[in-house]
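Notes follow the structure.
Numbering of residues begins at 1 and proceeds along the displayed sequence.
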Amino acid sequence: MDSFPALYADQIGQETCPLNPRAYQEQVIESVYQQWAFGHRSTLVQMATGTGKTAVGSLIARRFPEHRGRVLVLANRDELIRQWEDTMRFVCNNDQVEVEHGERRATRNRRSLRRDAQGRRRAFARIVVASKDTMWREKRLSSFEQDEFGLIIVDECSAWSDDCPTWHNIIQHFPGASVVGVDATPFRSDNKSMGRVFDSVACKYLMLQAVQDGWLVEPVQQYVMVDGYDLSSLSNVKGKDWSDKEIHHMLRQEKPLQAMAQQTVDYAVFEGAKKRPGHVLSTLIFNASVDLARHMADILNRRHARDGTGKAAVVSSRDTDAVTRRRIFDEFEEGKIKYLCNYGIATRGYDNPNIEMLVLGRPTKFAPLMIQMVGRSSRPLREITKALNEAPNSAARRAIIAASSKPTALILDPVGTTGVHSLSMDLGDVLGGDYGEAVIREAKTRALQTDGRLTKEEIEEAKKRVDAVEAEELRKRKSFIVESTHNSRQVDWKDKGTNATFAPEAPKKKQMEPTLAQTEFLVRAGYTKDEVARMSFGEAGKNVADAKRRFKLGLARIWQVRKMVRFGIPKERAEVMSKIDADRTLESAKRNGWQEQASEYSYAGDGNNF
């Protein structure tokens, strides 16, 4: 492995790079190269939607040493392939990029020459953007030499699993290649750990940080009441999201869709008029099926024919071809279409900074899906991008966004007449802040009691209120002493009971024990029942908070730390490991037959429920 300074260099000639990375993007690139220098073959990058994952990947490719091989970019949809191709051509020069997708084929041997459009013989292109569905086919894959590529960039890498042949065969065909995965939400709905396929996490840059830094538009969640929209009627299986089929059956009646369409139009027209007379917000609508998307668009177009409230269109992965999708997307971005209904096509990889409002017609309990949907509206307008890049600090950038015609992004979130919304995801989950359930519940309750609007500031205010209540309760607990006077018998061992004396025992403070909820949580986290029983209420609370903090930060779980210590890994090192690194370490230990050693910890299980 080359040293870090040798790896970290501009490899595309001596010309200046046309893309000047932002400070956080430069840190991401440095972190990736450092992980490779540390000996990790594969590393993971988590970046919020709209913060430039494609740009960062292109800069990583540009700086990759040519003598170590070509660069392969794997994507899984036409739109993503085109996006990577365009960005790579801009960052790494037009003649440095080829595409392996469908009928398009890249040069096969990196030591061969190819002819350009004028028939001149030119060297191979260093970068190949490929469809994973095309690339994994045996004839295509075997036509590339195993040392062809030195770097593989995996886009939307949460789709990659070690037991999925589509991705696995491609990665294994190039055993010497370094791998970097990029994703806004590197989590899988089947709960499989990304540590099974990635050796380390290079960095995380979440939406909350990007909003605070002034790079993304703040989302504002607006709850709306929709008749017939009842989430309580859906099956609620722990750890699983609602199925599209269930949601389709709930919404297949005309009444809830009509109500949702009315709320959509009302907000698009009313909020648009605040910006300028006659303006209708550019609105992206997520639906639970193709049929619901078509039906919703039909209702919106009926309203447009009657009131002139804006045209609607539909895109889906099932029956809209790539050319038609591109045309509809272009018309939507240009403002010719005001409402775009979609199913399974605009959730990932769709970039349109002009989106001003989202409608969550597909409720979810799966945080990554909610984050991806909200991320479609988080980009600031293109017209202020240059000003944002030139702004001296985060406060200046936030002021620029606030003064633009898109100061916030409105997220229209149907609640239903029952108000059962605590089951689904919310703004707190999307922003990635360290907000507990009590804070989100307080913020939601306050929002539903007033104007139904939930913002980052209101969540912060709710956190202050909850913290104040908890602090007052803690103060009361500390001053709460049970005065108990009772008689205890002091017996002289020489006395047979006839002359026994009694004296009052000194009053004792009663120590509050952990609650049942604390006990169950800590046992799942890796503590033994005996350990929890010896804790006070306050100690248990601190340990619960620490376990939740580790979960939020992606650190090794308590049970993982304890087991690694029993395998002989120093406690100080185990406690600062990421969960992914801990997964890899424990799997390696199991594979290599490491023996557990005696330690200060007792091990309470595998933590599968935590």
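Inter-residue side-chain proximity for M47 and V182 is flagged as unmet; no heavy-atom pair is nearer than 4.5 Å. R68 has its side chain within reach of S178: a pair of non-hydrogen atoms, C-beta onward, lies under 4.5 Å apart. Y33 has its side chain within reach of R63: a pair of non-hydrogen atoms, C-beta onward, lies under 4.5 Å apart. Contact of the I558 side chain with the D546 side chain is registered, since non-hydrogen atoms from C-beta on lie closer than 4.5 Å. Counting heavy atoms from C-beta outward, E98 and T107 have side chains that approach closer than 4.5 Å. P219 places a side-chain heavy atom less than 4.5 Å from the side chain of M207. Looking at heavy atoms from C-beta onward, L284 lies out of side-chain contact with S377 at the 4.5 angstrom threshold. Between S42 and D199 the shortest side-chain heavy-atom distance falls below 4.5 Å.
In this structure, the salt bridge (charged side-chain N to carboxylate O under 4.0 Å, His left out) partners of E100, at least two apart in sequence or on a different chain, are R108, R140. The side chain to side chain donor-acceptor pair (under 3.5 Å) check on D183 picks up S158, R348, with sequence neighbours excluded. For F286, there are no ring pair (Phe, Tyr, Trp, His ring centres under 6.0 Å) partners at least two apart in sequence or on another chain. Under the salt bridge (charged side-chain N to carboxylate O under 4.0 Å, His left out) criterion, E390 pairs with no residue, sequence neighbours left out. By the side-chain contact (heavy atoms from CB on, under 4.5 Å) test, R22 pairs with Y24, Q25, W215, T385, N389, sequence neighbours left out. In this view, T324 and T320, D321, R327, I328 satisfy the side-chain contact (heavy atoms from CB on, under 4.5 Å) rule, not counting sequence neighbours. Partners of D213 according to the salt bridge (charged side-chain N to carboxylate O under 4.0 Å, His left out) rule, which considers only residues two or more places apart in sequence or in another chain, do not exist here. Residues satisfying the side chain to side chain donor-acceptor pair (under 3.5 Å) criterion with R379, sequence neighbours excluded, are D351. Under the side-chain contact (heavy atoms from CB on, under 4.5 Å) criterion, A202 pairs with S31, V32, Q35, T43, V45, not counting sequence neighbours. With sequence neighbours excluded, the residues that form a salt bridge (charged side-chain N to carboxylate O under 4.0 Å, His left out) with D330 are R326. Remark: N352 pairs with F332, E333, Y350, N354, I355 by the side-chain contact (heavy atoms from CB on, under 4.5 Å) rule, at least two apart or across chains.
Note: M577 CE to D583 CG = 11.0 Å, rounded to the nearest 0.5 Å. In this structure, CE in M135 is found 6.5 Å from CD1 in I170, a value given to the nearest 0.5 Å. Here the CG atom belonging to N342 is positioned 9.0 Å from the CD1 atom belonging to I285, to the nearest 0.5 angstrom. Put simply, CZ on R398 and CD on Q212 are 7.5 Å apart, with the number rounded to the nearest 0.5 Å. Atoms CD1 and CD1, on I60 and I29 in that order, are 6.0 Å from each other to the nearest 0.5 Å. Atom CD in E156 sits 10.5 Å away from atom OG1 in T347 (nearest 0.5 Å).
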After noting the C-alpha distance and the side-chain angles of S200 and F38, does the key distance pass the side-chain contact (heavy atoms from CB on, under 4.5 Å) rule? CA-CA 10 Å; S200 69; F38 292 156; over 6 Å; no
Trace of the side-chain contact (heavy atoms from CB on, under 4.5 Å) decision for V374 with Q221: CA-CA 10 Å; V374 172; Q221 193 167 5; over 6 Å; no
From CA spacing to verdict: side-chain contact (heavy atoms from CB on, under 4.5 Å), E148, V128: CA-CA 11 Å; E148 186 92 15; V128 175; over 6 Å; no
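Minimum interatomic distance between V561 and A556 (heavy atoms only, all atoms of both residues): CG2-CB, 4.0 Å. I401 and L216 get closest at one heavy-atom pair: CD1-O, 3.7 Å. Between W136 and N169, the shortest heavy-atom contact is CE3-ND2, 4.1 Å. Closest non-hydrogen pair, L44 versus P186, comes out as CD2-CB, 3.9 Å. Nearest heavy-atom pair across I337 and A313 is CD1-CB, 3.6 Å. Here the shortest heavy-atom pairing between L151 and A61 reads CD2-CA, 4.2 Å.
Screening residues 80-91 for salt bridge (charged side-chain N to carboxylate O under 4.0 Å, His left out), with sequence neighbours left out, gives E85-R89, E85-R104.
Looking only at distances, a side-chain donor or acceptor of R126 sits under 3.5 Å from a matching main-chain atom of F64. A side-chain donor-acceptor contact under 3.5 Å links H173 to the backbone of L141. At least one donor-acceptor pair under 3.5 Å links the side chain of R62 to the backbone N or O of V91. In this structure, the side chain of K406 engages the main chain of P353 through a donor-acceptor pair within 3.5 Å. Panel note: side chain R70, backbone A125; a donor-acceptor pair is recorded below 3.5 Å. A donor-acceptor pair is defined here as one N or O able to donate and one able to accept, closer than 3.5 Å; such a pair exists between the side chain of S378 and the backbone of T49. Side chain of E356 to main chain of S282: a donor-acceptor pair is present (N/O by atom type, distance under 3.5 Å, no hydrogens or angles).
Heavy atoms of other residues, nucleotides or ligands lying less than 6.0 angstrom from CD of E138 number 12 at most.
A donor-acceptor contact closer than 3.5 angstrom links the side chains of T185 and Q372.
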